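Here's the structure, in structure tokens; my notes come after.
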Amino acid sequence: MDFVREKSDLTGLPESFFIQKIGIWPDKFISWKKRYGKANEHNGNIPRDHWLEAWEKDEIVAFYMQHQS
């Protein structure tokens with residue numbers, strides 16, 4: 001991303017020239033450009049309000065251990 005922008009500014013050639021030479025599909029480059037500067041969260045777990053906290057999990061395990069058949 002930075003390379004293409006820097007070289008485009010330096011030479012006056014359009015970004016499309018560089019992405020073609022690098023071998024990146026234009027739509028892929030555009031999606032990268034839209035995400036530039038944002039945290040990479042794709043496929044990452046996002047904490048939910050209904051998820052259990054560590055102490056809650058510990059209590060569940062302790063209860064199970066005390067009440068095994």
Side-chain angles (χ1 to χ4, degrees):
M1 194 76 224
D2 291 329
F3 172 83
V4 171
R5 183 178 298 138
E6 179 183 316
K7 298 305 178 193
S8 178
D9 290 344
L10 185 64
T11 62
L13 295 169
E15 289 179 344
S16 59
F17 173 82
F18 293 99
I19 62 174
Q20 179 186 14
K21 294 296 182 187
I22 293 170
I24 301 170
W25 288 97
D27 57 339
K28 176 57 85 175
F29 184 78
I30 290 168
S31 71
W32 288 348
K33 198 171 185 177
K34 288 178 183 176
R35 285 188 15 212
Y36 185 77
K38 296 180 181 177
N40 188 9
E41 297 175 350
H42 101 204
N43 293 336
N45 289 334
I46 299 171
R48 304 287 184 204
D49 292 339
H50 63 274
W51 285 3
L52 297 175
E53 305 236 352
W55 69 269
E56 293 171 306
K57 292 177 186 178
D58 294 340
E59 291 290 321
I60 293 169
V61 171
F63 180 86
Y64 172 78
M65 297 303 283
Q66 292 173 1
H67 298 90
Q68 291 185 53
S69 14

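Values below: all heavy atoms of this structure, side chains included; hydrogens, waters and symmetry mates excluded. Here the structure is a predicted model, which means the values were calculated and not measured.
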Item checked: Main-chain N/O of Lys7 paired to Thr11 side chain as donor or acceptor, under 3.5 Å -> yes
Note to self: Applying a strict under-4.5 Å side-chain criterion to I, L, V, M, F, W and Y, I'd like to know whether Leu10 and Ile22 cluster together.
What the structure shows: no
Note to self: Is there a side-chain contact between Ile24 and Val4 in this structure, where contact means two heavy atoms from C-beta onward sitting under 4.5 Å apart?
What the structure shows: no
Note to self: According to a hydrophobic-cluster definition based on side-chain heavy atoms being under 4.5 Å apart (Ile, Leu, Val, Met, Phe, Trp, Tyr only), do Val61 and Tyr64 belong together?
What the structure shows: yes
Margin query: With clusters defined by side-chain heavy atoms of hydrophobic residues (ILVMFWY) lying less than 4.5 Å apart, directly or transitively, does Leu13 cluster with Ile19?
Written below: yes
Notebook entry, point to check: Which pairs, with at least one residue in residues 56-69 and sequence neighbours excluded, count as a salt bridge (Lys or Arg N to Asp or Glu O under 4.0 Å)?
Noted result: none
Check: Can you tell me how far CD of Glu6 sits from CZ of Phe3, rounded to the nearest 0.5 angstrom?
Finding: 8.0 Å
Margin query: Is any side-chain heavy atom of Tyr36 closer than 4.5 Å to one of Asp2?
Written below: yes
Checklist line | Minimal non-hydrogen separation, Met1 against Lys33, with atom names | finding: CE-CG, 3.2 Å
Check: Mind checking whether Trp32 and Phe18 sit in one hydrophobic cluster, side chains of I, L, V, M, F, W, Y counted as touching below 4.5 Å?
Finding: yes
Notebook entry, point to check: Closest heavy-atom contact between Ser8 and Pro14?
Noted result: OG-C, 3.9 Å
